[in-house]
Structures are given as structure tokens and as C-alpha cells.
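To start, the structure itself, in C-alpha cells.
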Amino acid sequence: MDDRIAARLDELGIELPTLPPPQFSYVPGKVAGDLVFVSGQTPTRDGVPAYVGRCGDEVDIPRGQEAARLTAINLLAELEYVVGLEHVAQIVKLEGFVAAADGFVDAPAVVNGASDLLSEVLGEAGQHARLAIGVSWLPGNAPVELQLVAQLKSTSAS
């Protein structure tokens with residue numbers, strides 16, 4: 001990992017977890033050209049759900065943001081595993097799915113927890129385009145699921 005990123009994680013008190021292997025038929029991430037597509041993550045610790053429920057019901061906005069922040073940490077761990085954070089030029093897009101109770105329209109506010117974390121850790125390279133949408137239910141009764149696309153640094157000499 002890049003020393004600058006490692007120092008920033010340390011400043012923020014964040015330790016990237018070792019994620020368990022996928023439980024279903026997919027890979028953690030896939031590189032296509034200079035892009036890496038990272039598979040969806042939910043707010044888990046050691047493979048166990050840390051947050052459950054739907055936003056606007058069991059989960060309020062601040063708790064949903066905490067869940068999104070943890071999910072973004074898991075995405076960074078997955079990105080570290082797939083390509084190494086030192087190879088990431090920028091986060092291009094974050095897609096956020098928020099389990100929303102009937103009438104809950106604040107999915108973007110919940111996903112801000114992840115967007116803010118990516119910017120805190122990666123600075124300008126963490127700023128991204130984004131989708132934040134409410135859905136009825138998510139796997140494991142998670143309040144949020146996120147996936148991202150990152151651009152890799154060029155490996156050819158200029």
C-alpha cells in the first residue's frame with residue numbers, strides 16, 4: 001500500500017480488514033483495461049453483519065451513514081486485495097443501494113457516509129460520480145450495499 005494512503009488510514013484510525021472469500025458465484029473484482037470493477041459490499045465485520053434493517057425504519061440516517069462508511073472501508077479493503085491501493089489513480093463511480101422503508105427518500109444522505117470516507121482517505125482521487133437509490137431489501141437485511149469502479153494508474157512510461 002502507498003505510504004501516503006497508509007498514513008491517512010492511520011490518522012483516521014482505520015485498519016483495512018481482511019475480507020472473507022465470496023459466499024456466492026462471483027469474484028471480488030475484475031480489471032478491464034485501466035478500470036477495476038469492485039464487487040458489492042455490505043456493512044460487515046469479519047463476515048458478520050454489523051448493521052441490519054431498512055433506513056427510515058430500524059435504521060436512521062446517521063446510523064445508515066455509519067453503515068455506508070463501514071461498507072466503504074470494506075470496498076477499500078477489496079480494492080487493496082484486487083489491485084493494491086497504490087495502483088489506484090481515482091475512484092470513478094460509486095453505486096449505492098439503500099434498503100428503504102416505504103416513503104424513505106434520503107438514500108443520497110445515507111450514501112454520503114461512503115462518499116465522505118473515500119474523499120477523506122484518498123483526497124481528490126476519492127471524489128467520484130455516484131448513484132444512490134432506495135430499494136426494498138438487500139442481501140442479509142443490510143441497510144446499504146455499495147460497489148465501485150476505479151481507474152488504475154498508467155503503467156507505461158510517458
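With contacts defined as side-chain heavy-atom distances shorter than 4.5 Å, the pair Glu120/Leu12 qualifies. Proximity of Pro49 to Pro43: side-chain heavy atoms (C-beta onward) are nowhere separated by under 4.5 Å. Between Leu75 and Leu94 there is a side-chain heavy-atom pair separated by less than 4.5 Å. No side-chain heavy atom of Leu146 sits less than 4.5 Å from a side-chain heavy atom of Glu95. Inter-residue side-chain proximity for Leu117 and Ile14 is flagged as met; some heavy-atom pair is nearer than 4.5 Å. No side-chain heavy atom of Val149 sits less than 4.5 Å from a side-chain heavy atom of Val36. Annotation: side chain of Pro28 is in contact with side chain of Pro22 (closest heavy-atom distance under 4.5 Å). In this structure the side chain of Leu79 reaches within 4.5 angstrom of the side chain of Ile91, judged on heavy atoms.
Nearest heavy-atom pair, Val31 versus Gly33, reported as atom, atom and distance to 0.1 Å: CG1-O, 3.6 Å. Counting all heavy atoms, side chain and backbone alike, Asp57 lies closest to Ala101 at CB-CB, 3.7 Å. Ala100 and Gly134 get closest at one heavy-atom pair: CB-CA, 4.1 Å. Nearest heavy atom pair, residue Val59 against residue Gly64, reads CG1-N, 3.4 Å.
Atom-to-atom distance recorded for Ile5:CD1 and Glu80:CD is 8.0 Å, nearest 0.5 angstrom. For the atom pair CG (Leu9) and CZ (Arg4), the distance works out to 11.0 Å, reported to the nearest 0.5 Å. Here CD of Gln90 is found 4.5 Å from CD of Gln151. Values are rounded to the nearest 0.5 Å. Between the OG atom of Ser115 and the CD atom of Gln65 there is a distance of 10.5 Å, given to the nearest 0.5 Å. The distance from the CG atom of Leu76 to the CG atom of Leu122 is 6.0 Å, given to the nearest 0.5 Å. Note that OH of Tyr51 and CD of Glu58 are 15.0 Å apart. Values are rounded to the nearest 0.5 Å.
Inspection of the Asn112 and Arg130 side chains reveals an N or O donor paired with an N or O acceptor under 3.5 Å.
The side chain to side chain contact (heavy atoms under 4.5 Å, CB included) search around Ala107 returns Val98, not counting sequence neighbours. Remark: Glu11 pairs with Arg8 by the salt bridge (Lys or Arg N to Asp or Glu O under 4.0 Å) rule, at least two apart or across chains. The side chain to side chain contact (heavy atoms under 4.5 Å, CB included) check on Ala6 picks up Met1, with sequence neighbours excluded. The side chain to side chain contact (heavy atoms under 4.5 Å, CB included) check on Thr42 picks up Thr44, Ala142, Glu145, with sequence neighbours excluded. With sequence neighbours excluded, the residues that form a side-chain hydrogen bond (donor to acceptor under 3.5 Å, both in side chains) with Glu78 are Gln41. Every residue two or more places apart in sequence or in another chain was checked for a salt bridge (Lys or Arg N to Asp or Glu O under 4.0 Å) with Glu86, and none qualifies.
At distances below 3.5 Å, at least one donor-acceptor pair connects side-chain atoms of Asp60 with backbone N or O atoms of Arg63. Side chain of His87 to main chain of Leu85: no donor-acceptor pair is present (N/O by atom type, distance under 3.5 Å, no hydrogens or angles).
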Derivation and outcome, side-chain contact (heavy atoms from CB on, under 4.5 Å), residues Phe97 and Leu138: CA-CA 8 Å; Phe97 300 89; Leu138 289 167; 4.0 Å; yes
Stepwise side-chain contact (heavy atoms from CB on, under 4.5 Å) test for Ser39 and Gln147: CA-CA 6 Å; Ser39 294; Gln147 64 181 31; over 6 Å; no
Leu148 and His128: CA distance, side-chain angles, deciding distance, side-chain contact (heavy atoms from CB on, under 4.5 Å) verdict: CA-CA 9 Å; Leu148 65 74; His128 50 271; over 6 Å; no
side-chain contact (heavy atoms from CB on, under 4.5 Å) between Phe104 and Ile61, worked out: CA-CA 10 Å; Phe104 184 80; Ile61 291 173; 3.9 Å; yes
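Shown here is Tyr81, whose OH atom has no more than 12 heavy atoms of other residues, nucleotides or ligands within 6.0 Å.
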